[in-house]
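Heads up: the structure comes next, in structure tokens.
Sequential numbering from 1 along the given sequence is applied to the chain's residues.
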Amino acid sequence: MFEKFLITIVSIEASVAVLIDGYLMFFKHDQSQETAQSQATAASDTESESSTTTSSSSTSSSNLTMKDGTYTGKSTSTEWGDIQVKITVASGKIPQITVLKHPTGGKSDEINSRSLPTYKQEALAAQSADINQVSGATETYKGFTGSLQSAWPRS
């Protein structure tokens, strides 16, 4: 009798854990992305632009004119350290994103070695900072997208 009671309690606890996890994954995930994007946008709007242009020819790419050159984003602070990126624009497209600064040491090395290449690849494919978040790399996502948005050439 005691074993059945114990098994029932454990089953209920496991069910509650699955429900909470599902709620956090599907509902809180969207809110955290919206919050990160609005914070990054607010930060880039309130600070002065820190991008530098090395070339002045301009071309058009899907309703946005981007001048060819190299643009350095602001250093974006995260809970684990600062992240900063540099983008290169050639023929109106972004062929290269370079991570100039990111948190190092401990678990940051593992997380960043897994997430930063994914973020770079997705941003290059999308030609945008509108990318998917890697599970377990929320702070890296906030820093990467924040710096990338501030590096985006404005003409």
Side-chain angles (χ1 to χ4, degrees), residues 13-55 57 59 61-155:
E13 288 179 353
S15 298
V16 170
V18 167
L19 288 173
I20 290 171
D21 188 43
Y23 171 78
L24 292 175
M25 184 184 330
F26 290 109
F27 296 107
K28 292 294 186 178
H29 176 72
D30 292 336
Q31 291 174 355
S32 67
Q33 279 187 343
E34 290 171 8
T35 302
Q37 289 176 348
S38 65
Q39 287 173 347
T41 302
S44 67
D45 289 344
T46 58
E47 296 177 10
S48 63
E49 192 171 329
S50 71
S51 62
T52 56
T53 306
T54 58
S55 176
S57 67
T59 57
S61 173
S62 65
N63 300 335
L64 176 66
T65 301
M66 293 191 290
K67 293 182 180 179
D68 289 357
T70 302
Y71 301 87
T72 302
K74 291 176 182 24
S75 181
T76 304
S77 295
T78 69
E79 184 176 338
W80 306 110
D82 295 342
I83 297 178
Q84 185 175 28
V85 300
K86 176 177 72 172
I87 63 173
T88 302
V89 177
S91 300
K93 301 237 182 235
I94 299 173
Q96 181 179 13
I97 299 173
T98 306
V99 178
L100 301 174
K101 183 177 13 172
H102 63 83
T104 58
K107 192 154 177 125
S108 291
D109 289 336
E110 176 188 336
I111 292 170
N112 292 329
S113 68
R114 179 175 50 89
S115 62
L116 286 173
T118 301
Y119 291 152
K120 285 172 52 175
Q121 182 180 20
E122 285 193 18
L124 290 171
Q127 292 291 297
S128 155
D130 187 20
I131 58 175
N132 292 321
Q133 184 174 345
V134 173
S135 178
T138 303
E139 293 299 312
T140 303
Y141 174 83
K142 291 177 187 177
F144 183 87
T145 56
S147 184
L148 184 60
Q149 287 172 347
S150 71
W152 214 261
R154 294 171 180 85
S155 43

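By the side-chain hydrogen bond (donor to acceptor under 3.5 Å, both in side chains) test, Asp82 is found to be paired with Ser77, residues two or more places apart in sequence or in another chain being considered.
Here the closest non-hydrogen pair linking Thr138 and Gln133 is OG1-NE2, 2.7 Å. The minimum heavy-atom distance linking Phe144 with Leu116 is given by the pair CD1-CD2, 3.9 Å. Closest non-hydrogen pair, Glu139 versus Glu79, comes out as OE1-N, 3.0 Å. For the residue pair Ala90 and Pro95, the shortest heavy atom distance occurs at N-CD, 3.9 Å.
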Review point. Is there a side chain to side chain contact (heavy atoms under 4.5 Å, CB included) between Tyr71 and Thr88 once you walk through the steps?
Key: CA-CA 6 Å; Tyr71 301 87; Thr88 302; over 6 Å; no
Exercise for review: Kindly indicate, with the supporting measurements, whether the criterion side chain to side chain contact (heavy atoms under 4.5 Å, CB included) is fulfilled by Ile111 and Thr140.
Suggested key: CA-CA 8 Å; Ile111 292 170; Thr140 303; 3.9 Å; yes
Exercise for review: Verify side chain to side chain contact (heavy atoms under 4.5 Å, CB included) between Lys107 and Asp109, making sure each step is shown before the conclusion.
Suggested key: CA-CA 5 Å; Lys107 192 154 177 125; Asp109 289 336; over 6 Å; no
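At distances below 3.5 Å, at least one donor-acceptor pair connects side-chain atoms of Ser128 with backbone N or O atoms of Asp130. Between the side chain of Thr145 and the backbone N or O of Ala129, no donor-acceptor pair lies under 3.5 Å. Remark: the backbone N or O of Val85 is paired with a side-chain donor or acceptor of Ser147 at under 3.5 angstrom. The backbone N or O of His102 sits nowhere less than 3.5 Å from a side-chain atom of Asn112 that would complete a donor-acceptor pair.
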Pairs of donor and acceptor atoms involving the side chains of residues 118-125, under 3.5 Å and at least two apart or interchain, shall be tabulated with distances.
unit_1	atom_1	unit_2	atom_2	d
Thr118	OG1	Arg114	O	3.2
Tyr119	OH	Val134	N	3.0
Tyr119	OH	Ala137	O	3.2
Lys120	NZ	Ile97	O	3.4
Glu122	OE1	Asn132	N	2.8

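The closest side-chain heavy-atom distance from Pro103 to Ile83 is below 4.5 Å. Between Gln84 and Thr72, the closest side-chain pair of non-hydrogen atoms falls below 4.5 Å.
If you take NZ on Lys74 and CD on Gln149, they are separated by 11.5 Å, rounding to the nearest 0.5 Å.
Lys142 and Thr76 form no side-chain donor-acceptor contact under 3.5 Å, judged by distance and modelled atom types alone.
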